[in-house]
Each structure stands twice: as C-alpha cells, then as structure tokens.
Protein chains: 2
Amino acid sequence: MSSRNLADFLSVNPAQIRKDFSYFGDFGTRGVGYNVETLIREIKKILRLNVVHKAALVGVGNLGSAVLAYPGFAVYGFDIAAVFDNNPKKIGRKVRGITIESASNLNVLKKRKINIGIITVPQDAAQETADALVRADVRGILNFSPCCITVPKKTKVITIDIGMDLARLPYYMPTG
Amino acid sequence: MSSRNLADFLSVNPAQIRKDFSYFGDFGTRGVGYNVETLIREIKKILRLNVVHKAALVGVGNLGSAVLAYPGFAVYGFDIAAVFDNNPKKIGRKVRGITIESASNLNVLKKRKINIGIITVPQDAAQETADALVRADVRGILNFSPCCITVPKKTKVITIDIGMDLARLPYYMPTG
DNA sequence: CTATGTGAATTTATTCACAGCA
DNA sequence: TGCTGTGAATAAATTCACATAG
C-alpha cells in the first residue's frame, strides 16, 4: 500500500502521510510501499493500544447500558471489567456477565488495577464520581456528562458532549 | 471581559482571541473589552445556532433513549421533534411526550421540514437509515454507529464513535 | 522504474508590538 | 490609561521535489 493509496483514501497529500510516519520511524519500503499490518501494529504501539486496558463503567442507566452494548471497544483492546451504580435495586444484578457493584465501592479499582473510568451517571453526580475515580487512582476518564469536571493534572479526561457535537452541524448545512 | 481574561480561561494567547474574532467582525470596544452576551449572540449567529433546528431521532433503544434524555440540546436550540423505530411494539408508544413512529415513514420529515437526523440504530441498520434520511431531504446527520456511512456530498455527517474517543486516552496515561 | 524519506520551499497559523480609539 | 484591531515578525505545518533504496 503506497502513501498515494493511503492519501487518496483519506483525501490528503501523499507527502503528509510519509512525513507523519517518518516522525515515528521508517515503516515503509522504498519502491514498494507500506505493509498495512505493520502500520496498524506500529500505530497501536504509538497510541499505547497494543496492550489490554481495563476500564470501569459507573452509572448503568440508559446511557451506561448503551455504552456497555457498544461493539468496538474490543477493537482497541478495551475490557470493561467492572460496572458500578448507586441504585440498590441494580446492585448485584448482572449486565453482560458483569455483576453491578455499589458505587460507594469504587476504591476496589485500585486493588484490581483498573485505571480507566467511564462516567455515565446523571449530570449532577458527575463531579463526585470523578472525585471517587481519582481517589481510586484511575488515570484516564471518559466523561459523558455535558459539564466540566475538575480533576488533578495527572488525570486525563476526555469529555463527550453530544450537544456540542450536534451543534457543529448547522454550520455545514447551507440554507435553513 | 478582556481578551486576556478569555485567553486565561482557555489557556491560549490573548492575540489569538482578538484575531479570531476579528475575522468575523469588530465585536469589542477599545479600552473596555468584549461584552459576553454580545459575543455569545455573534458566535451563535456564525455557527447558525441562532434559530431553532428541528431534529428527528431514529432508533429508540438504550442509546436513543439516553440521547433523548440528554439535557443541553435546548441550549444550542435543538428540538427533537420526531422519533422513529422499526419495532412494532414500540411504535405508537410515547417517549418524553413524543409518539414513536414507524421507521418506514421517514419520508414525512420532508413535509415537516425537519432536516437533521440522529442515528441511534444498531450498526447493521445504520447505512439504510442514513439512506432513508437522505431521501427525506435531511441535510445533517449525527451518527452514533461505529461505522462509516456513505452519503451524498450535500449531506453533512458527524460520527461519534465512542470506541475511538476512548482509544485516545491511553496515549495520555503515562505508565501502564 | 517505483515509492520512500527528507531537506528546501511554500503556505498557513500564531504571536508580537503598536497605532488608534474609548 | 487600557484594551482592541491589525500589520509585521515569527513559528509551525504542509507540500514540493529529488536523492536514494529496493
């Protein structure tokens, strides 16, 4: 696969492809091109997706259930290994083979070496959930609440705000 | 509010703030700064968020229900005015005051002047849903399926792939 | 011959620095 | 005086173009 092929596929300049890769190493073969499997392996290594990452999901409402049902986490090597909620009726029940635990027990993540948290609780519980995750030594958080949560600098937060994503659409919609 | 204040808030350079605004007009007052309400109004106008946009949601599963429950669409002037599903058991029922209609009826969107579609159907139904939305003259699509859907150039698609968002985390998580 | 990898050239983005207005 | 708006200066990103390896 040549840089030209890849560039066409992504609608960018071939030189962009070659230069970007070159910052990380010599992945191609002159006169031949790139081996796609090698590329995937190298890119996964760069993004640290070459190992399995255990994640915990907090909040088994509609959104949490939808996230649990999401296909494609496995593709990137994610394993949702624990699920929490604060509703006594849900605690103890199983979703997708995982027993729902009490949200007041988030500290067990430390012991279980789970260091990614996914927040799918209602907006007003988002900050306290983040705080608990930080106390449990989680180092990365995927936040689905449409609010800014505050965490120490050592913790990386990625927020998905559906409203903001939708808000990008009208700009690209010509008339009306 | 000065460009310095805004810049500190966003951790960027004050000149960046001033230059970016200047591309769209003179929003500030020399010696004084910017009026925040004016800024919000102007930015909304630029992004075409100064009018109400009607949207239709297709697929009332966990994800669809979660999206419907999302607070914050109203903030940007979105109004989910129609909801569709292909499950006969769901059609006719109400969610949040809106009656679920048959997904085979998407053409009514044309008549009702709804031109944004939100796809929350299972992955294997995403493309056909997109096709139906395009036929109904929708001009913007928010796609929650982790797959590339193909649409004519006139239609703008924004895809939210939770797996990809999560995949960005490990790179920022130092050790482990 | 083909297609990479990379300095050089070019284009784009950011920041500086200051004239001009409130 | 204080802060915007903006040309000029600087920095960064993209693209060109070609020597070089297969």
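Chain identifiers are assigned alphabetically (A, B, ...) following the order of the sequence lines, protein sequences preceding nucleic acid strands; residue numbering begins at 1 within each chain.
For B:R30 and D:dT4, the CZ to C1' distance is 5 Å, given to the nearest whole Å. If you take CZ of A:R18 and C1' of D:dA21, they are 14 Å apart, rounded to a whole angstrom. Distance, A:Y34 OH to D:dA21 P: 16 Å, rounded to whole Å. B:M1 has its CE atom 19 Å from the P atom of D:dG2, to the nearest Å. In this structure, the CG atom of B:N13 is 13 Å from the P atom of D:dA12, given to the nearest Å. Atom NZ in B:K19 sits about 11 Å away from atom C1' in D:dA9, given to the nearest Å. Whole-Å rounding puts the B:D26 CG to D:dG5 P distance at 5 Å. As rounded to whole Å, 16 Å separates atom P of D:dA12 from atom CD of A:Q16.
The structure places NZ of B:K110 at 12.0 Å from CG of B:L133, a figure rounded to the nearest 0.5 Å. Interatomic distance, CG of A:L169 versus CG of B:L142, reported as 6.0 Å (0.5 Å rounding). In this structure, OH in B:Y70 is found 13.5 Å from CZ in B:F78, a value given to the nearest 0.5 Å.
Using a 4.0 Å heavy-atom criterion, one finds that B:F21 contacts no nucleic acid atom at all. The residue A:F27 sits close only to the backbone: its heavy atoms come under 4.0 Å of sugar-phosphate atoms, none of a base.
OP1 or OP2 of D:dT4 has at least one side-chain nitrogen or oxygen of B:S3 nearer than 4.0 Å.
Looking only at distances, no side-chain donor or acceptor of A:R139 sits under 3.5 Å from a matching main-chain atom of A:T155.
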Going through the checks in order, is the side chain to side chain donor-acceptor pair (under 3.5 Å) test met by B:S2 and B:N5? CA-CA 5 Å; B:S2 69; B:N5 298 151; 3.2 Å; yes
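Comparing B:G31 and B:A15 along DNA chain C, the residue whose closest nucleotide (by nearest heavy atom) sits nearer the 5' end is B:A15.
With a cutoff of under 4.0 Å to any heavy atom of chain B, the contacted region of DNA chain C is bounded 5' to 3' by C:dT14 to C:dA22.
Among A:I100, A:V108, A:V60, A:L57, the single residue meeting the side chain to side chain contact (heavy atoms under 4.5 Å, CB included) criterion with A:F84 is A:V108.
The residues A:E101 and A:R112 are annotated as salt-bridged, a charged nitrogen and a carboxylate oxygen being separated by less than 4.0 angstrom.
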